[in-house]
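First the structure, in the form of structure tokens, and then the observations on it.
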Amino acid sequence: MGYKILFKEEVGPGAYRMIIEAPHVAKNAQPGQFIVLRVHEKGERIPLTISKADKENGEITIIFQVVGKSTKHLSLLNEGDELQDFLGPLGMPSEIDNFGTVVLIGGGFGTAVLYPMVAAYKEANNHVIVINGARNKDLLLLEKDLSQIADEYYVTTDDGSKGKKGFVTDMLKELIDKNVKIDRVFAVGPVIMMANVAKLTKQHNIKTIVSLNPIMVDGTGMCGSCRVEVGGKTKFACVDGPDFDAHEVNFDLLMKRLRMYRTEEKISLEKFEKEIQNG
Amino acid sequence: MGKIKPKRVEMAKRPVEERIKSFDEVALGYTEEEAIKEAERCLLCPKPTCVPACPVHIDIPGFIKWIQKGDFLQAVKVIKQDNPLPAVCGRVCPQEDQCEGSCVMGRKFEPIAIGRLERFVADYEAKVGNIEVQPVKEKRAEKVAIVGSGPSGLVCASQLAQMGYKVTVFESLHEFGGVLVYGIPQFRLPKDIVKREVEYIRKLGVEFVKNFFVGRTRTLDELMEEDGYEAVFIGTGAGLPRFQGIPGENLLGIYSANEFLTRINLMRGYKFPEYDTPVKVGNTVAVIGAGNVAMDAARSALRSGAKKVMILYRRTEKEMTARAEEAENAMEEGIEFHFLVNPVRYHGDENGWVKEVEVIKMRLGEPDESGRRRPIPIEGSEYRIPVDTVVVAIGQVPSPIIAQTTKGLKRHERRGTLLANEKTFATTKKGVFAGGDVVTGAATVILAAGAGKDAAKYIDYYLKNKDKPNIWEELTNS
Ligand SMILES: Cc1cc2nc3c(=O)[nH]c(=O)nc-3n(C[C@H](O)[C@H](O)[C@H](O)COP(=O)(O)OP(=O)(O)OC[C@H]3O[C@@H](n4cnc5c(N)ncnc54)[C@H](O)[C@@H]3O)c2cc1C
Ligand SMILES: Cc1cc2nc3c(=O)[nH]c(=O)nc-3n(C[C@H](O)[C@H](O)[C@H](O)COP(=O)(O)OP(=O)(O)OC[C@H]3O[C@@H](n4cnc5c(N)ncnc54)[C@H](O)[C@@H]3O)c2cc1C
Ligand code: FES
């Protein structure tokens with residue numbers, strides 16, 4: 001059994017990259033797919049995007065941002081430790097093709113999800129433009145990795161501490177205004193960011209895909225925790241997605257559903273932090 | 001046996017006040033004396049009517065006779081010839097529709113409590129018997145894959161291992177047992193019983209692989225073409241929850257029964273925050289539907305702190321599909337039953353939380369294809385019921401994943417069930433068999449277990465004759 005952590009590194013404040021030994025998962029993993037893991041016996045099942053799959057060595061790379069109890073707990077594990085459960089690959093692979101010019105937009109933990117997509121679009125011979133956004137320069141993730149692969153790389157920060165001051169949508173608008181011919185946009189990050197990207201690209205009729213991140217349990221289509229509304233229809237993001245046509249997504253509903261367990265998430269994290277303090 | 005004893009021996013139950021505060025098992029089972037006393041009521045009919053009414057035809061008078069003599073281990077042996085999961089089935093079978101429903105005693109008096117006796121001897125064996133594994137007579141080289149660890153998969157695996165095959169069970173979740181662990185709550189079926197069965201099957205030499213989603217982790221074709229499995233049994237159940245598709249169904253606080261029960265049972269949500277997975281149970285809970293799943297959801301909600309739990313059902317008490325004992329337990333525990341109402345829409349607050357369910361009153365019309373009278377909405381009779389949490393328990397269908405990802409595997413267009421021969425369980429793909437809920441649609445534990453057992457016979461037959469020309473035609477046309 002055993003899903004061993006082979007490598008761990010901090011890639012930003014509260015953000016980590018881990019390589020996990022999981023040959024079953026690595027064998028068939030494709031860009032856009034994710035895994036579900038449990039840190040310990042009493043743990044929650046949390047979904048994380050497959051950042052890289054090394055089929056030969058049977059290894060999966062994940063990149064995650066600490067936001068609550070489970071990701072905090074995960075961040076405290078070290079090389080050599082084993083995860084309780086690790087299931088994947090899950091979800092539909094992203095539709096990757098030679099579309100022409102593709103703009104990939106990542107914000108917050110979304111940048112972690114974005115990374116494998118950038119590589120995949122590049123490999124399919126697209127002209128790849130990356131917009132990496134964060135609140136300030138310290139929170140920017142994966143700068144080196146992304147700027148190395150992308151044909152064009154832009155940064156935006158809310159406070160202007162690095163790159164363009166403003167939101168990722170401001171940068172996207174600048175490109176559109178400069179008449180850059182954009183064939184496709186792929187965006188992932190906070191819901192509000194994805195919603196704003198969708199609004200902008202709809203005005204300009206640019207096909208846009210977003211990777212949705214609703215709360216999941218099983219990740220195999222048997223519970224409906226992950227349900228989202230796309231084109232007025234209910235979809236299960238874990239099996240029908242996580243990628244969807246941005247112009248069809250009900251972002252308001254997604255935003256609300258992500259808040260369903262606010263109170264419990266706080267209780268869980270506070271309890272855990274107390275436990276850490278008490279050793 | 002002397003005089004007819006009209007009344008069955010009562011089985012002790014935890015008192016209501018105590019049980020609604022915990023997930024401990026409600027029914028406590030017979031003592032040895034009680035079991036013998038109940039067994040002595042049986043007339044041991046020479047032509048028993050109960051046996052044909054049992055989906056796996058357990059020799060019921062045969063095992064009851066041993067109980068009368070006080071030899072409980074012999075009794076359980078008799079049962080196990082036909083049903084490998086007596087501790088489970090004794091607890092969850094709808095006996096009133098099967099064996100007990102056909103018991104001759106039942107025509108005038110109370111039927112023999114066959115389920116309680118089955119449960120008693122199985123628990124007795126677990127307590128005192130040494131459930132030893134018999135070494136297999138003949139080892140076979142072929143590898144067989146079982147997809148899904150519900151009752152159908154577990155029983156199929158156990159049978160094939162005893163025939164000497166190398167068997168691997170692939171399960172997508174992190175625990176084995178299917179609905180028995182993620183669906184049916186502790187207070188009806190303690191998890192230890194399922195663990196015990198799994199451990200026994202493991203001892204038979206079956207390999208268990210968790211976190212393995214066939215169709216994604218590996219496709220079925222890869223298992224057969226690359227990983228060397230010569231036959232496959234699909235027992236993936238009916239796990240895709242249905243919703244009504246009415247406005248507001250995605251509001252916060254509205255769960256599918258599968259999600260609600262999975263959070264509570266598999267993830268132990270009722271022990272949050274000791275366990276990390278939360279479940280939201282408000283003061284007032286409405287459960288839509290009146291089958292076993294609905295009863296389990298309603299009673300779980302009560303045990304998780306709800307003050308008022310309602311069952312909303314569009315037909316009447318008579319058409320409810322839940323086991324009689326569970327409906328009775330639910331009523332005893334104070335669950336409210338609202339019959340002849342059907343939700344038409346949900347209303348929420350500004351944060352997206354469900355606040356009210358709007359229902360329409362129904363009346364019963366002519367019988368439909370299920371033989372039950374069709375519910376018909378009464379126009380203009382809509383009204384609203386305030387709720388904090390809703391659990392939708394209106395049925396499950398098989399997930400499409402396995403058929404979508406396997407070459408040549410066909411399913412029923414409308415029902416979504418896999419097509420398989422009724423007798424041999426052979427599917428439309430050579431070497432692949434299927435049984436349980438994935439073929440029948442949501443049904444029962446005993447039917448799934450029986451399918452797994454019978455399929456094993458035909459898998460054995462297939463593997464011994466696989467080079468015979470037209471073997472698959474033979475299996476799919478019989
Ligand atoms: C398909 C998919 C892929 C994902 N990939 C990644 C990834 O590669 N890297 C990464 O860092 N995160 C990813 N996420 C999000 C990640 O699953 C959540 O951050 C994680 O479950 C939070 O668990 P927690 O116990 O630490 O926090 P919780 O205590 O559960 O939540 C803390 C905060 O995070 C928010 N939150 C909870 N669940 C999610 C969620 N599913 N998505 C977004 N926010 C959430 C809550 O609203 C809350 O504000 C992905 C989510 C999905 C559905
Ligand atoms: C809440 C509830 C209460 C019930 N109460 C009763 C009762 O009282 N009495 C009764 O007789 N019946 C009851 N039933 C019905 C009964 O549980 C089912 O009929 C029975 O479990 C079906 O068994 P199965 O083997 O077909 O599948 P399941 O028990 O559904 O098991 C299928 C297993 O396959 C796994 N799986 C699915 N897809 C894949 C895949 N692609 N790869 C790997 N693994 C996969 C699933 O995770 C699951 O563990 C109840 C059902 C529910 C949901
Ligand atoms: S997470 Fe359960 S259905 Fe998607």
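Note on naming: letters A, B, ... go to the chains in the order of the sequence lines (proteins, then strands), and numbering restarts at 1 for each one. None of the values given here were measured: they were computed from a predicted structure.
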Roughly how far, to the nearest 0.5 Å, is the [atom2] atom of [Y] from the [atom1] atom of [X]?
X: Arg216(B); Y: Met92(A); atom1: CZ; atom2: CE; result: 6.0 Å
X: Glu44(A); Y: Arg263(B); atom1: CD; atom2: CZ; result: 7.0 Å
X: Leu266(B); Y: Met222(A); atom1: CG; atom2: CE; result: 7.0 Å
X: Asn28(A); Y: Arg218(B); atom1: CG; atom2: CZ; result: 5.5 Å
X: Ser399(B); Y: Phe236(A); atom1: OG; atom2: CZ; result: 10.0 Å

Heavy-atom check, side chain of Arg227(A) versus side chain of Ile254(B), under 4.5 Å: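 Contact flag for Arg227(A)/Ile254(B) side chains = yes.
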Heavy-atom pairs under 4.5 Å with chain B, option from [options] with the top count:
options: Gln33(A), His73(A), Lys27(A); value: Lys27(A)
options: Val217(A), Val39(A), Val239(A), Asp85(A); value: Asp85(A)
options: Lys69(A), Gln30(A), Glu41(A); value: Lys69(A)

[atom1] ([X]) with more than 12 external heavy atoms under 6.0 Å:
X: Lys266(A); atom1: NZ; result: no
X: Glu275(A); atom1: CD; result: yes
X: Lys8(A); atom1: NZ; result: yes
X: Arg345(B); atom1: CZ; result: no

Positive for side chain to side chain contact (heavy atoms under 4.5 Å, CB included) with Asn211(B), one of Leu87(A), Val25(A), Leu37(A), Val36(A): Leu87(A)
Please determine which of Arg38(A), Glu265(A), His40(A), Lys42(A) meets the side chain to side chain contact (heavy atoms under 4.5 Å, CB included) test together with Asp276(B). His40(A)
Looking only at non-hydrogen atoms, find the nearest pair between Asp218(A) and Leu173(B) and report the distance. CB-CD2, 4.2 Å
Please list every donor-acceptor pair under 3.5 Å in which a side-chain atom of residues 250-260 of chain A meets a protein atom from a residue at least two apart or in another chain.
{"from": "Asn250(A)", "atom 1": "OD1", "to": "Asp252(A)", "atom 2": "N", "distance (Å)": "3.3"}
{"from": "Asn250(A)", "atom 1": "OD1", "to": "Leu253(A)", "atom 2": "N", "distance (Å)": "3.0"}
{"from": "Asn250(A)", "atom 1": "ND2", "to": "Glu229(A)", "atom 2": "OE1", "distance (Å)": "3.2"}
{"from": "Asp252(A)", "atom 1": "OD2", "to": "Lys256(A)", "atom 2": "NZ", "distance (Å)": "3.1"}
{"from": "Arg257(A)", "atom 1": "NH1", "to": "Asn250(B)", "atom 2": "O", "distance (Å)": "2.9"}
{"from": "Arg257(A)", "atom 1": "NH2", "to": "Ser225(A)", "atom 2": "O", "distance (Å)": "3.2"}

Under a 4.5 Å heavy-atom cutoff, which of Pro241(B), Gly352(B), Pro400(B) has the most pairs with chain A? Pro241(B)
